[in-house]
Amino acid sequence: MLPPAAALLRPAINEHQGARMQPLVLMSHPDCLKHRIDRHPESPERLETLMAALSASHLADGIEWLEAPMASQQQLARVHQAQHIHQLFALAPRARLVHLDPDTAMMPATLKAALRAAGSVPAAVDHTLIHHRPVFCAVRPPGHHASAAQAMGFCFFNNLAVGVAHALQQPGIERIAVIDFDVHHGNGTDAIFAGHRQVSLFSCYQHPFYPGTAVQTPYGLPLPAGSDGQYALQQISAHWLEPLQRMQADMLFFSAGFDAHQADPLGGLNWRSDDYRQISALLMQATRATTGGRVVSVLEGGYDLQALSDAVLAHLSALTGTAYP
Ligand SMILES: [Zn+2]
């Protein structure tokens with residue numbers, strides 16, 4: 001039996017009880033700052049502000065910073081069709097912009113940033129399998145709208161899916177749980193793993209909303225516009241905990257978008273920063289017995305700079321079992 005949800009929601013660590021801080025590994029790369037489209041909400045400032053906030057936070061001393069490698073062709077090809085990979089390399093411009101859809105454009109530094117973002121997640125997997133510590137991939141561009149054959153919605157490669165596919169190649173990794181709490185349905189991830197025997201996607205998202213795609217996972221949780229994080233928490237407790245525990249996942253992934261925050265300019269939900277801590281802690285606790293700390297979280301959306309930093313700190317506090325100020 002799972003412990004009752006209420007028992008899971010207190011801060012995971014009471015320092016007065018002498019609990020140990022679990023260090024955090026952070027995977028990123030300066031190339032991820034170089035993809036810049038003027039007046040686009042998915043900006044380098046998102047990552048710059050977040051990194052500054054992390055460096056100044058209560059987590060700073062416990063962070064091990066690692067450089068994300070670029071994804072290899074073999075890693076990309078486990079998820080993406082050859083034509084898609086070839087097209088992104090062929091379209092990458094030397095100057096100006098190439099628009100792939102009205103929201104998604106490549107400039108000269110985009111391909112490298114996208115390769116770093118996609119390469120960060122397999123590297124995070126390798127690290128967490130050795131050290132059993134959570135790894136956060138602070139990368140951009142995001143990935144969860146990218147399908148096997150299509151870039152869209154600010155996304156080029158499906159970073160998380162590339163990491164999940166890499167993890168499934170590793171001995172002892174048979175079942176993977178993916179949590180996607182971005183305000184938008186992660187249609188790319190959903191399509192890539194639809195019907196997959198070893199990967200279960202637990203996705204909550206504002207509905208109806210962009211991208212308006214049909215949800216294929218049985219663990220889709222539509223949330224009405226204006227609803228808050230406590231409503232999401234109740235729904236997650238009611239609908240996800242039992243199947244999450246039953247599947248006995250060997251690894252837990254977060255597709256961690258923070259655009260459900262009440263301050264976000266794109267999303268229409270009403271989550272507060274601490275809701276991210278409570279939801280993340282609940283899901284960590286529900287899977288801890290079988291994942292044993294093998295947790296990879298990958299940044300997706302989140303477009304209010306201050307709210308993004310606050311909510312990421314709240315999420316990472318849950319991953320590391322540290323108190324959130
Ligand atoms: Zn989003």
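Indexing begins at 1, ligand by ligand and atom by atom, following the structure's order.
- Ring pair His184/Phe209 is parallel by interplanar angle, where below 30° counts as parallel and above 60° as perpendicular.
- Taking backbone and side chain together, Glu300 holds no N, O or S atom under 2.8 Å from the Zn ion (ligand 1).
- Computed with the Zn ion (ligand 1) at the centre, the Asp182 OD2 to His184 ND1 angle is 150°, stated to 10 degrees.
- For residue His144, no N/O/S atom approaches the Zn ion (ligand 1) to within less than 2.8 Å.
- Checked against the Zn ion (ligand 1), the N, O or S atom of Asp259 at the shortest distance is OD2.
- Dense packing is recorded around NE2 of His40, with more than 12 heavy atoms of other residues, nucleotides or ligands lying under 6.0 Å away.
- The hydrophobic cluster containing Leu47 also contains Phe258, counting ILVMFWY residues as joined when their side-chain heavy atoms lie under 4.5 angstrom apart, directly or transitively.
- Ring-plane geometry between His315 and Phe254 is classed as perpendicular, the angle between the planes exceeding 60 degrees on a 0 to 90 degree scale with a lower cut at 30.
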